[in-house]
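Here the structure is laid out as structure tokens; the discussion comes afterwards.
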Amino acid sequence: MRLSQILISTLRDDPADAEIPSHKLLARAGLIVKTAAGVYTFAPLMWRVVRKFAQIVREELDREGANEVMLPILQPKELWVSSGRWDRYVNDGIMFTLKDRKGSDMCLGPTHEEVMTAYVNAQVNSYKQLPVNCYQIQDKFRDEIRPRFGLMRGREFIMMDAYSFDADQAGLDEAYQKMRRAYCRIFERCGLEYTVVQADSGAIGGAGSEEFMVLADSGEDSILFCRDSGYAANVEKATSRLPDAPAGGEPLPMEQIATPDVRTVAQLEAFFPGWTAGRMAKTVLYHVTWKNKARVVAVMMRGDLEVNEVKLANALDALAVRLATDDEIRAATGAEVGFAGPVALPEEVPLLADESLQGRTNLLTGCNRTGYHCLNVNLGRDCRQPSFKDLRTARQGEGCPLSGRPLEQARGIEVGHIFKLGTKYSKAMGATFMDQGGKPQPFVMGCYGIGVSRTPAAAVEQNHDDKGIVWPASIAPFECVVAMLDPQRAEQVMLGARLYAELREAGVDVCLDDRALSPGAKFKDNELLGFPVQVFVGRKAGDGQVEFLVRRGMQKSECAAGEVKARVLAALGR
RNA sequence: CGGGCCGUAGCGCAGUCUGGUAGCGCGACUGGUUUGGGACCAGUAGGUCGGUGGUUCGAAUCCACUCGGCCCGACCA
């Protein structure tokens with residue numbers, strides 16, 4: 001391919017709306033162009049990148065026996081009602097919905113469990129047809145609260161999603177492991193530094209799930225991990241050993257103390273010398289939404305620890321949780337903000353507590369009276385016995401749940417996510433097959449996603465320098481460029497064409513940069529675009545000498561034309 | 001959803017406070033000279049100043065509304 005025939009439009013400046021390296025570089029290289037917030041046009045070279053990555057995904061999934069299909073993006077409401085997810089997705093405002101000319105509700109698919117389950121259910125009647133694993137690579141639509149970071153969090157994006165259907169749990173376990181293996185190979189082939197972490201299954205639902213995280217400072221997810229035990233988890237899911245806190249001792253009589261304008265844990269520590277945060281129980285009020293109702297719930301947490309809202313939503317089986325507003329707090333507790341507590345909490349407000357408070361005595365809490373807190377509160381004696389759950393956010397430095405060693409923290413970009421769904425969707429949608437006994441059984445399902453447009457962006461995040469992108473060879477738009485510095489000079493044109501043909505012959509995905517640019521511009525442009533291996537045919541072409549550049553590390557050297565092929569192949573690891 | 005900021009030429013920006021002929025750099029186009037680090041010279045084109053309404057003799061500038069976009073916060077009881 002000749003670059004003069006490809007639409008390439010690099011910019012000198014970073015676009016004003018880009019924050020992170022991958023967004024800046026992809027936009028500056030002209031590889032992506034914003035069409036609307038979170039909606040991008042992919043330039044020809046970027047589309048080559050995406051297609052190459054998608055091809056890797058296909059090869060590795062096909063190797064494990066998965067089948068590629070094409071599913072509709074435009075989907076009817078009924079399908080989503082049948083799984084029970086219409087309300088949740090509409091409630092969250094994350095789904096693009098529309099009406100057709102008849103007034104029927106439709107949506108643009110944010111994910112494809114429903115369509116796939118309906119499809120497989122219609123085609124598969126017997127256990128003899130199982131297992132089945134189908135996938136698709138297509139655009140998905142999510143009306144993100146805050147699209148950002150270019151391709152990282154778009155509203156229209158490309159995703160691979162696969163769904164496995166098995167007769168039983170053992171079949172699912174096997175399908176899951178196959179996909180896990182395939183995912184590892186996929187990200188390894190892309191040369192990405194990634195880690196697999198335990199994850200919350202979120203809106204998709206289901207039991208176990210793991211995320212594939214590309215480690216990068218710009219990552220939107222926080223992960224905690226332990227080098228000793230190999231434990232790694234998204235903070236949404238992570239647990240740790242409970243940090244110590246001073247014991248409360250034998251139960252003492254409760255006292256109510258005037259604490260005017262003392263509202264926060266820090267202020268309480270200052271007000272009551274000797275009462276450290278670990279002896280307090282803060283009571284946080286949340287507004288919780290379920291499918292058919294919403295109410296304010298009181299959540300107790302040890303004063304030195306933080307509530308994990310994802311765990312809270314899961315514990316309550318809620319659609320959404322958010323902090324209660326000041327008005328809601330006053331209505332629920334009868335006190336100003338800062339004085340909520342378990343003591344004298346109105347009966348209609350449900351009371352939850354983190355496990356860190358189980359068995360603890362003589363706590364300092366609020367008591368729902370403005371300007372007062374209570375000392376020596378004992379749960380179950382001075383107030384209702386709350387229902388105890390794991391609601392705590394694990395933090396860096398706390399003990400690993402397996403080894404006890406301090407957990408470390410890192411940022412990650414979620415590029416893949418695998419779930420054991422079980423029968424959640426098949427039961428909801430009545431998707432069954434006949435087992436050997438002639439009885440209908442729900443499919444045991446797994447689902448598996450890969451961010452196909454996000455992963456190349458993550459690759460840039462991990463592979464760039466001050467000059468531009470450094471594509472991993474496997475997903476680079478071209479593995480190699482042969483650039484003639486002066487396309488006016490016959491000897492350069494001839495040598496460039498010869499090397500280009502020779503490399504192509506050798507199976508290298510090579511392009512010929514025959515554009516009429518000045519040498520400086522050509523160097524800059526190719527560095528920015530990030531081709532892994534670059535061959536410059538310049539003033540020494542007449543002597544059969546060219547310049548050879550390995551983009552990673554910018555190692556440059558002179559090279560005889562006759563050695564170019566061998567050096568390119570070596571640089572590409574072939 | 002809150003809070004803050006920004007919409008002026010393809011891109012990056014100044015001009016707005018203090019109303020009075022719409023500017024700069026890069027890019028683009030033409031001609032010429034160039035060809036090893038985003039070349040140089042000369043010239044050219046390109047903008048309903050996001051939109052609507054208002055104030056005014058006069059609005060990019062002031063006011064109101066509106067539409068886009070960006071950033072921050074979603075943890076305090």
Side-chain angles (χ1 to χ4, degrees), chain A residues 9-20 23-24 27-30 33-39 92-93 145-150 155 220 235 259 261-268 277 280-287 296 298-301 303 305-312 320-326 328-330 332-333 335-342 345 364-370 372-373 391-393 395 467-468 483-489 492 515-529 536-541 545-547 549 554 556 558:
Chain A
S9 50
T10 55
L11 299 171
R12 203 181 276 258
D13 302 313
D14 286 333
D17 59 358
E19 283 278 305
I20 62 170
H23 187 191
K24 285 181 181 169
R28 193 151 84 79
V33 178
K34 185 166 68 182
T35 300
V39 180
D92 286 355
I145 295 173
R146 202 176 146 197
R148 60 176 150 181
F149 298 157
R155 295 193 296 170
E220 294 188 280
V235 285
T259 54
D261 287 326
V262 177
R263 294 160 193 272
T264 66
V265 169
Q267 289 166 350
L268 284 164
M280 301 180 194
K282 57 188 176 188
T283 304
V284 186
L285 292 151
Y286 278 93
H287 182 271
V296 170
V299 179
M300 298 185 67
M301 176 61 63
L305 306 172
E306 303 295 338
V307 174
N308 179 328
E309 292 186 355
V310 173
K311 289 184 180 178
L312 177 62
V321 302
R322 61 163 173 80
L323 288 169
T325 63
D326 291 0
E328 288 164 349
I329 291 171
R330 278 189 284 267
T333 66
E336 286 302 315
V337 176
F339 301 98
L345 183 72
L364 191 170
T365 76
C367 46
N368 307 309
R369 181 177 171 198
T370 302
Y372 289 86
H373 280 83
L391 303 172
R392 176 171 61 94
T393 302
R395 292 182 297 207
K467 297 183 185 308
M484 299 169 303
L485 291 179
D486 185 357
Q488 307 288 339
R489 304 188 83 91
Q492 291 190 22
R515 295 174 298 166
L517 289 178
S518 70
K522 200 164 272 195
F523 287 131
K524 290 272 192 260
D525 225 35
N526 281 302
E527 282 157 9
L528 175 60
L529 288 167
F536 294 101
V537 181
R539 58 160 78 110
K540 293 188 181 169
Q545 288 289 115
V546 300
E547 191 163 303
L549 171 68
M554 291 297 290
K556 265 183 168 178
E558 293 274 310

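A, B, ... follow the sequence lines: proteins, then strands. Residue 1 opens every chain. Just so it is clear, the model here is predicted, and its values are computed rather than measured.
Here A:K282 does not reach the OP1 or OP2 of B:C75: none of its side-chain N or O atoms lies under 4.0 Å away. Look at A:R12 and you won't find any side-chain N or O under 4.0 angstrom from OP1 or OP2 of B:G38.
The nucleotide whose nearest atom lies closest to any side-chain atom of A:D525 is, among B:G38, B:C13, B:A77, B:G38. For A:I329, whose side chain is taken as the heavy atoms from C-beta onward, the closest listed nucleotide among B:U35, B:G36, B:A77 is B:A77. Of the candidate nucleotides B:G36, B:G12, B:G69, B:G36 has the atom lying nearest to any side-chain atom of A:P519. When the nucleotides B:C1, B:G38, B:A77 are ranked by their closest atom to the side chain of A:I145, B:C1 comes out on top. In the set B:G69, B:U35, B:A77, the nucleotide with an atom closest to the side chain of A:Q488 is B:U35. Closest to the side chain of A:D17, out of B:C70, B:A77, B:G36, is B:C70. Closest to the A:E19 side chain, of the nucleotides B:C71, B:G38, B:C75, is B:C71. Checking B:C13, B:A77, B:G36 against the side-chain heavy atoms of A:V337 singles out B:A77 as nearest. Of the candidate nucleotides B:C75, B:G25, B:G38, B:G25 has the atom nearest to the side chain of A:D13. When distances run from any side-chain atom of A:S518 to the nucleotides B:G38, B:G36, B:A77, the shortest one goes to B:G38.
Whole-Å rounding puts the A:L517 CG to B:G36 P distance at 14 Å. Here B:A74 presents its P atom at 12 Å from OH of A:Y286, a figure rounded to the nearest Å. Distance CG (A:D14) to P (B:G38): 18 Å, rounded to an integer number of Å. For A:R263 and B:C75, the CZ to P distance is 17 Å, given to the nearest whole Å. Following rounding to the nearest Å, A:D326 (CG) and B:G2 (C1') show an atom-to-atom distance of 12 Å. For the pair A:R148 CZ and B:C6 C1', the computed distance is 18 Å after rounding to whole Å. Whole-Å rounding puts the A:L268 CG to B:A77 P distance at 9 Å.
Using a cut-off of 4.0 Å between Lys/Arg side-chain N and Asp/Glu carboxylate O, A:K34 and A:D17 are scored as salt-bridged. Under the 4.0 Å criterion applied to side-chain N and carboxylate O atoms, A:R515 and A:D525 are assigned as salt-bridge partners.
For the pair A:L285/A:E328, no side-chain contact is recorded, criterion being any heavy-atom separation below 4.5 Å from C-beta on.
Rounded to whole Å, the P atom of B:G2 lies 48 Å from the corresponding atom of B:A45. Distance check on atom C1': B:U56 versus B:A64 gives 16 Å, rounded to whole Å. Distance noted for atom C1' between B:C11 and B:G27: 7 Å (whole Å). Taking atom C1' on both nucleotides, B:C6 is separated from B:A14 by 15 Å, rounded to a whole Å. Remark: the separation of the P atoms in B:U21 and B:G31 is 36 Å, to the nearest Å.
In this structure A:R12 satisfies the salt bridge (Lys or Arg N to Asp or Glu O under 4.0 Å) test with no other residue, sequence neighbours excluded. Remark: A:E220 engages A:R148, A:R153 in a salt bridge (Lys or Arg N to Asp or Glu O under 4.0 Å) (not counting sequence neighbours).
Across all strands shown, B:G2 pairs with B:C72; the Watson-Crick or G-U wobble distances both stay below 3.5 Å.
Heavy-atom nearest nucleotides on RNA chain B were determined for A:E547 and for A:G303, and the one closer to the 5' end corresponds to A:E547.
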